[in-house]
Colleague: 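The structure follows.
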Amino acid sequence: MTMRPITFFRAGSIDEAVAAVSSHPDSAFLAGGTTEIDLLRLNVVQPTLLVDVNDLPLTYLEDVDDGGVRIGAMARMSDVARAPRIVERYPGMSQALLLGASEQLRNMASMGGNMCQRTRCSYFRDGQSPCNKREPGSGCSALTGINRGHAVLGTSEQCIATHPSDVAVALVALDAMIRTIGPDGTNAIPIERFFLRPADTPSIEHPLAHGELIVAIDVPALPVARTSRYVKHRDRASYEFALVSVFSAMRVDDAGNVAELRLALGGVGTVPWRAHRAEEALIGRPATPENFAAAADAEFADARTTPMNEFMVTFAKRAIVRELSEVTS
Amino acid sequence: MSPVVGKPVNRVDGPDKVTGTGRYCGEIVLPGLAYGLIVGAAVANGRVVSIDETAARAAGGVFGIMTHRNTPKVANQPRLIPSLAGQPAPGESFFPMQDDVVHYWGQPVALVVADSEEAAAHAAALLDITYEPGVPVATIADGRASATQAKTLFGGLMPATDERGDVEGALAAAEVTVDATYHFAANHHNPLETSVTTAQWDGDRVTLWDSTMGVRASQLTVASLLGIPLSDVRVITHFVGGGFGSKAMVWPHVTLAAMAARHVGRPVRLALTRPQSFTSNGHREEQEQRITLGAGRDGRLTAIRHRKLSVTSPFDDWAEPATGVSTQIYGCDNYLGDHQLIHGNTMTPTFTRAPGESLGSFTLETAMDRLAYELGMDPIELRIMNHPPVDNHGNPWSSDGMADCLRRGADLFGWAGRDPTPGTRQEGNDLIGTGVAGAGYPVAFMMPVQHARARIFHDGSVVIQTSAQEFGIGVTTSMSQVGADGLGVDMDVLRFEAGDTDLPNTTSAVGSMGATMQSSAVHNAATTLRNDLIAHAVNDGKSPLHGLSPSSVKVADGRMTSTLDPSIGESYADLLQRNRLLDMEALGSWTPPGMDTPHGLLTFGAQFAEVAVDKDLGLVRVRRMTGVFAPGRVLNPKLARSQLLGGMLWGLGQALLEGNQIDRQSGRWALNNLGEYLVPVHADIPDIQVDFVEVEDDVVGPLGVKGVGEVGQVGAAAAIANAVFHATGRRMNELPMTAEVVMNGGGPG
Ligand SMILES: Cc1cc2nc3c(=O)[nH]c(=O)nc-3n(C[C@H](O)[C@H](O)[C@H](O)COP(=O)(O)OP(=O)(O)OC[C@H]3O[C@@H](n4cnc5c(N)ncnc54)[C@H](O)[C@@H]3O)c2cc1C
Ligand code: SF4
């Protein structure tokens, strides 16, 4: 635990919030605080100015372009999870939210904050070990350390940290759009471009300018998402991040072929993982367990494992096959 | 008035806890209180090269910084001996900040004292400490080559080897053998309240409010380390937020709090943070166990060889003894149990719920299950057939109950008709299996004489005192029950006072001995006072009871009456008031029978579990558990059930979730918080059934109480592992049984 003197500023408007953070080099937005305050106390992040965005009028949920939904960045996870239009149009997203964290946390945690939550890699969070994400160039302790829960997809020599979010897995499958307002104006970022793989710069996780505020998340209309599902496999029955999670939305045509498929995975990637290869392998093909297995193999063809997290590949493939088989039957 | 012992009385301190009026040791408010924070070493092996305090001192609110350069030298470092022995009981034979050497990650290297917790934390983060790091060796994988045979364990109190007969010969001749090796991850205790000590000096005398399972152990240890008389150290603890062994020994922070208070000239509260609680009060050590059983085709055991290898600190030959139960719960003429140790860069491990028997029994009871399959016998019948009427020295059990626990458990659980074939029950994606294990936990009479005081005032109200600690087990309630029955008064007029070294001494409540020791002393104090009062009455010419023989006087509700004519009598209060006695009191003492008492001393039980194992993903969920135990007299079934149920849940956690490992590069514990060190949450907890088998025991004290604190944990993980085998056909040789262990077939073999 550490405690440093910090300046706290409650922004009254979006402009004020953006101006306050962008004009101060060591500043950060504060939403629900469930990541930010945690990391601050662990000495992992060291802002000297916190700009509270809880008063901003960003808690709305509204309809956009026939059938889509715009979610304000300050909407709380618990509210979004239970909103009728989310439950009806994107049940898998509602499930992803409800399977995340705990009810107390979900009541605090915002959707914008969720997009920016940091990895649970314990070397990152200890504030001391060499970690390229926390301290660029210091090395990656996880590569040769305890890495049972680390990513097998999208990794680099610099970092193998897993992206922890559940709801972001649903959102990458749904092709959501992240809307921001920054010092240089408004911006719309397709969600898959919002999450950056570590590559050579694991400390840079998003293409956001300092002071750029997420204001909303747009989820486009997608009829097949009305039967979407999210399953989360973990060591204990509740209140834990995923070992492997699967979001799926699939339509099988009358001939038994996969007509539409959205598939994304949590717990295995350095970013919320859209299973593009598996989708490609299946669309237009018969929805059979053999094809599901082949698609899962394709998705993990480039997986990079360590002795401790090797099992995740088999685990994840089985989870995919099971999920798609259950959806089909 | 009927006796209250044996009734499911509600906790008398429940309202204090729920309303927050009960003060824990970290909530003691004193004028001028300062806040201490330990800074732990960021290397696991090496030397502190420099400590730059400039920025920390400039941070504001800082009263003092202690490092090895200005920390007083300890007067006398006692050797580690379990606190149950009633001697100074340091958790390790080492005191930090005496020189610049670092032996383990998190070892205190500095202590900051400031005017608030936040200021202390801020200054601590600003201390610039540089190290000369060495290569840490802290795991079995790294230290295996350096392992040596231990001679004694527990600071010399116990032999590390237990041998009889000719094991090798018997194994060679055995018709059936079973051989299995296990690897167990380390466990941390994680009580809700991390350890905390508040220290206040008054001249040469110090008072410590210490969250401890033994105030007397804290007093003895601190007095020794500081080199001051015992009479100058008072330790108080009224509420402790759980211990599970982490507060059974006295760790350096307790004495550091006293040193810091002297250093800054103010009272100091020193609390461990949650991460520090992983590096400051011991752990259950990483270990490997190997067991080899030999038996005849008829199922009779002919040989048991049980060996353990584990990691300890550089200072102490500590291993939780693995063989205390395997040497005696089943009869066997040829036995070898021993312990090998790796001295590595960790702190000294310590008691953790069901110390020793927890994993020792896991090894034995999963091996017995294997043997049952080898022989094609029912595992319950195999156990009952091998359970002897006497212990390994030929002494009869003080009380038994093992077979009854197994049989009763089998009935409650619905064992009959079980198809033993593994892998035959499937529901959806889940393979279903059931398993059983026996349980035993030693009754260890290592402690000295125990004392309590009973005092009655002339209005009839009563105070019963002993130095016992309330750490959630319900001692305040159960001792009120014992005192009330002993004296013959209603519980409402009685207050039980505890948690203070100024009160008559009882020893640390560890090793499941608390209830036995305390109830014996309290019972003797209360009945002594009752006898004194009766004697007074029958000798008092003005008493209606005058002239009666004391044995023809009975007491209920604070009123003495003639057994011959109930209309003749008077109350304690009348007697005292008439004689102008403001109060009367009696000391009660109880001398334990000693380790060499000619009796077998175990508390027995039986555990059953049903599991569902995801056939593809290896995830195990427990569906139901049944535990039946024979803990002698049950003082309060509600409290006892909570203890046993809690123990069974500990077993579930150990089986499936709990495990910590040391990062081999840094020597640091990988997990240091409750987000990552997983314990079961409500959603993991199945339907749990707890029941008792009544056994009478006149050896373990006047009331015949054996403990319930530990035995509930013993065997629970083994029953789960045996159930996983029944479900999957895979033997589990590793704890916790995480998904990959189950998927990959069970571990090292
Ligand atoms: C014990 C625990 C368990 C958890 N389990 C899960 C889980 O199972 N699944 C899961 O998905 N999540 C889980 N979480 C993470 C939780 O969902 C996130 O912490 C939460 O969503 C973050 O939202 P917040 O509003 O609290 O963000 P904050 O903590 O306030 O902020 C997080 C980060 O986002 C930045 N930020 C916040 N709002 C904005 C904005 N509008 N624009 C730009 N930047 C912004 C902040 O500066 C900060 O860097 C868990 C968290 C905890 C503590
Ligand atoms: S995996 Fe990434 S976050 Fe973890 S230690 Fe390596 S660089 Fe840091």
Side-chain angles (χ1 to χ4, degrees), chain A residues 1-6 34 38 41-43 46 99 101-102 105 120-123 125-130 139-149 164 231-241 243-244 307-323 325-326, chain B residues 37 42-43 59-60 105 116-126 273-276 428-429 614-622 653 656-657 659-666 668-676 678-686 736-744:
Chain A
M1 181 182 70
T2 179
M3 287 289 164
R4 276 166 297 105
I6 270 182
T34 63
D38 223 17
R41 293 178 62 133
L42 293 169
N43 218 9
Q46 286 128 3
L99 291 168
S102 67
L105 284 160
R120 308 306 286 193
C121 170
S122 64
Y123 300 101
R125 286 171 62 87
D126 72 22
Q128 285 178 327
S129 301
C140 171
S141 301
L143 275 180
T144 50
I146 293 166
N147 47 32
R148 170 182 189 250
V231 287
K232 183 171 178 178
H233 301 289
R234 44 186 162 180
D235 296 301
R236 70 178 172 193
S238 174
Y239 197 27
E240 193 195 356
F241 291 91
L243 272 176
V244 171
M308 281 189 206
N309 70 10
E310 214 176 348
F311 79 102
M312 295 273 281
V313 172
T314 314
F315 191 112
K317 287 182 185 175
R318 291 179 180 174
I320 292 172
V321 174
R322 176 183 295 177
E323 181 57 10
S325 305
E326 283 180 9
Chain B
L37 185 69
V43 298
W105 208 97
S116 69
E117 250 179 291
E118 292 78 9
H122 180 43
L126 292 173
T273 64
R274 178 64 59 184
Q276 286 176 344
N429 292 314
D614 188 307
K615 68 178 172 41
D616 303 314
L617 308 179
L619 292 168
V620 180
R621 302 284 185 246
V622 178
L656 303 180
L657 297 168
N660 208 348
Q661 48 182 325
I662 288 184
D663 177 57
R664 292 169 68 178
Q665 305 160 106
S666 63
R668 171 180 177 276
W669 286 107
L671 313 175
N672 68 1
N673 59 73
L674 285 168
E676 294 171 78
L678 301 182
V679 298
V681 293
H682 282 98
D684 294 292
I685 309 299
M737 296 172 245
T738 47
E740 63 270 40
V741 172
V742 179
M743 278 170 81
N744 296 338

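Keep in mind that the numbers below use all heavy atoms, side chains included, and drop hydrogens, waters and symmetry copies. Chain naming here is simple, since letters A, B, ... match the order of the sequence lines and numbering starts at 1 in each.
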Colleague: State, with a plain yes or no, whether a side-chain heavy atom of A/P5 is found less than 4.5 Å away from one of B/H122.
Modeller: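 They are in side-chain contact.
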Colleague: For chain A, which candidate among B/L678, B/L656, B/V620, B/L657 shows the most heavy-atom pairs at distances under 4.5 Å?
Modeller: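 Most heavy-atom pairs under 4.5 Å with chain A: B/L678.
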Colleague: Measuring heavy-atom distances to chain A, does B/A124 have an atom under 4.5 Å in its side chain, in its backbone, in both, or in neither?
Modeller: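 Neither; nothing under 4.5 Å.
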Colleague: By a 4.5 Å heavy-atom criterion (distance strictly below it), what part of A/F241 contacts chain B: side chain, backbone, both, or neither?
Modeller: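 For A/F241, no heavy atom lies under 4.5 Å from chain B.
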Colleague: Which answer fits B/Q661, side chain, backbone, both or neither, if we ask what part of it has an atom under 4.5 Å from a heavy atom of chain A?
Modeller: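 Looking at B/Q661, backbone and side chain both touch chain A.
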Colleague: On a heavy-atom basis, which atom in B/A739 and which in A/L243 lie closest, and how many Å separate them?
Modeller: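 So the two residues come closest at CB-CD1, 4.4 Å.
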Colleague: When you look at A/R322 and B/D614, which way does the salt bridge (charged side-chain N to carboxylate O under 4.0 Å, His left out) test go after all the steps?
Modeller: CA-CA 12 Å; A/R322 176 183 295 177; B/D614 188 307; 2.6 Å; yes
Colleague: With a 4.5 Å heavy-atom cut-off, do A/R125 and B/E676 have their side chains touching?
Modeller: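 Yes; the side chains approach each other to less than 4.5 Å.
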Colleague: Heavy-atom distances under 4.5 Å only: say whether A/E310 touches chain B with side chain, backbone, both or neither.
Modeller: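 No part of A/E310 comes within 4.5 Å of chain B.
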Colleague: Could you have a look at B/D616, B/N673, B/N744, B/L617 and say which one has the most heavy-atom pairs with chain A under 4.5 angstrom?
Modeller: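 Heavy-atom pairs under 4.5 Å are most numerous for B/L617.
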Colleague: Are the side chains of B/E740 and A/R148 in contact, using a 4.5 Å heavy-atom criterion?
Modeller: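 Sidechains of B/E740 and A/R148: in contact.
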Colleague: With a 3.5 Å cut-off and no angle check, do the side chains of B/Q665 and A/S141 form a donor-acceptor pair?
Modeller: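 Checked: B/Q665/A/S141 side chains show no N/O donor-acceptor pair below 3.5 Å.
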Colleague: Would you say B/V679 and A/R236 make side-chain contact, with heavy atoms under 4.5 Å?
Modeller: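 Contact flag for B/V679/A/R236 side chains = yes.
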Colleague: Do we see a donor-acceptor contact under 3.5 Å between the side chains of B/N429 and A/E326?
Modeller: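 There is such a pair between these side chains.
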Colleague: Side chain, backbone, both or neither: which part of B/R621 has an atom under 4.5 Å from a heavy atom of chain A?
Modeller: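 Looking at B/R621, just its side chain touches chain A.
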Colleague: Hey, which of A/D126, A/T144, A/I146 is the one that makes side-chain contact (heavy atoms from CB on, under 4.5 Å) with B/D663?
Modeller: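 Of the listed options, the one satisfying the test is A/I146.
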Colleague: Is it the backbone or the side chain of B/I685 that comes under 4.5 Å from a heavy atom of chain A, or both, or neither?
Modeller: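 Nothing of B/I685, per the 4.5 Å heavy-atom cut-off to chain A.
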Colleague: Considering only heavy atoms, which portion of B/R668 lies under 4.5 Å from any heavy atom of chain A: side chain, backbone, both, or neither?
Modeller: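 Only the side chain of B/R668 comes within 4.5 Å of chain A.
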Colleague: Quick check: closest heavy atoms across B/A683 and A/S238, and the distance to 0.1 Å?
Modeller: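 That closest heavy-atom pairing would be CB-CB, 3.8 Å.
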Colleague: Does a side-chain heavy-atom distance below 4.5 Å link B/L619 with A/F315?
Modeller: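 With C-beta onward as the side chain, the pair touches.
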